[in-house]
Every structure is written in C-alpha cells, then in structure tokens.
Trainee: 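Take this structure, written in structure tokens, and hold onto it; I'll ask about it next.
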Amino acid sequence: MTKFRKLNRPTGHRMSMLRTMVSQLVKHERIETTVAKAKEVRRLADNMVQFGKERTFQCGPTPTDILKFLVKDGGSVSSHVGQEMESSAGTLCAARQAAAFVRGDDVIHKLFTELAYRYKDRAGGYTRMLRTRIRVGDAAPMAYIEFIDRENELRQSKPPNPQPPQRPAMDPWTRSRLSRQFAPPKEEKISDSDS
C-alpha cells in the first residue's frame, strides 16, 4: 500500500483502528473523529466503495450471492466458490478484498448493494470531510466524515461532472503542423562577438 499517516500507533493497532472506523462509517454513514484520522479513513472508505462498485456492476449478483461466495471454512475458501465464479474472477477478488478489510456481514452487504448502487454514476470522491471544532481535552481539530448523496447531509454535494468527450488521436504530422501554426514565431538570438 501507499504511505499512511502513523497516527502515533503501532502498525497492528493503527490498521485495526482504521478497519473499525471504515466499518463504522459504512454502517452509520457519518462519524466524528480527528482531522488526521478522517483523512486516512477517507482514502480507505473510497477504496471500499470502489470494490463494491466493481463487484456489483460487472456481473450483477444478488446480495445473497455475495455472502455465499465469501463463506470460509477453516481459513480456506470452499471449493464450490471457484467453480461458480470462474468467469468473474476479478470481481470475486474485489469482494474478497473488501470482506478482508471491513468488519461485519451487514457492512459488506450495505457496501455491495446500497452504496454501490448510490455511487454507480460517480467516478470517485464518495466521502466528504467537514471540520467541526477543537476538542477540549487536547485541542485536537475534529471533523465529521460522511458519505455524500445521502439523506440528512450536513452540506449538499455538487452533482457529478460528466466525462468530457474523447478527442480522436492525431497523427504526429498534423499535430506538428498545428503547433507551429499557433505558436509564436521564434526570435533569433543575436550574439555580440566584438572581443
């Protein structure tokens, strides 16, 4: 993974805390925490929603299918999972990665059904961070982190920007001719060699 903030904790404690916070954010859709923790949770929560979108919209399973495929016995995935999901191995991988990170079957179910459907047209930026106050005990800056496009939002979200149309590729000769046409003419440098 990429670099994370240390948050003054050992690695195991930090990852456990972030997993719990992402799970609670998916469950409640808004939590209050410090600004540094909110920035880390935002990165991970956006990744989890992206996993949910990959799984749901590439092969379109029902929520019971998702939970059935994530059944584990004795630490190894059951053999019927591989046979049933051979055609959509990439999407099964997304489901397994999300299930390995978030905690609770209800959280996984919400991630792959409700949140994936809500953000199917949005390319990213599923969460927002709003600074709220300074905590009294240690003067830490606090912030709400919440999912956008939901009921009871603290602030309305902007609509998703439509994707710009793709321009056709130009051959190098045309591109060179156009760049010379719009570029200002080159000025020649006059050197004084009087010495």
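We use all heavy atoms of the structure for the numbers below, so side chains are in, but hydrogens, waters and symmetry mates are not. We number each residue from 1, following the sequence as shown.
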Trainee: Determine whether a donor-acceptor pair (N or O, by modelled atom type, separation under 3.5 Å) exists between the side chain of Tyr144 and the backbone of Thr33.
Mentor: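 The answer is no, because no donor-acceptor pair under 3.5 Å joins these two groups.
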Trainee: Taking the side chain as C-beta and beyond, is there a heavy-atom pair between Leu25 and Arg30 under 4.5 Å?
Mentor: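 The answer is no; the side chains never approach within 4.5 Å.
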Trainee: Are Glu29 and Lys110 within salt-bridge range, i.e. N to O under 4.0 Å?
Mentor: yes
Trainee: Of all the heavy-atom pairs spanning Arg103 and Ser23, show the shortest one and how long it is.
Mentor: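 Scanning both residues, the minimum pair turns out to be N-OG, 2.8 Å.
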Trainee: Does the distance from a Lys or Arg side-chain N to an Asp or Glu carboxylate O, for Arg133 and Glu32, drop under 4.0 Å?
Mentor: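 A salt bridge links Arg133 with Glu32.
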Trainee: Checking side-chain hydrogen bond (donor to acceptor under 3.5 Å, both in side chains) for the pair Gln50/Tyr126: CA distance, chi angles, key distance, verdict?
Mentor: CA-CA 9 Å; Gln50 192 65 37; Tyr126 311 113; 2.7 Å; yes
Trainee: Can you name the closest pair of heavy atoms from Ala143 and Thr132 and give their distance?
Mentor: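 Ala143 and Thr132 have their closest heavy atoms at N-OG1, 3.8 Å.
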Trainee: In the structure I gave you, are the side-chain heavy atoms of Asp46 and Val49 within less than 4.5 Å of one another anywhere?
Mentor: no
Trainee: Got Ile145 and Arg128 here, is their nearest side-chain heavy-atom distance under 4.5 Å?
Mentor: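 The answer is no; the side chains never approach within 4.5 Å.
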Trainee: Between the side chains of Lys6 and Glu40, is the shortest nitrogen-to-carboxylate-oxygen separation below 4.0 Å, so that they form an ion pair?
Mentor: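 Salt bridge: no.
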Trainee: State, with a plain yes or no, whether a side-chain heavy atom of Ile148 is found less than 4.5 Å away from one of Thr127.
Mentor: no
Trainee: For a quick test of reading the model, state the closest non-hydrogen atom pair linking Ala100 to Arg19 and the distance between them.
Mentor: O-NH2, 3.4 Å
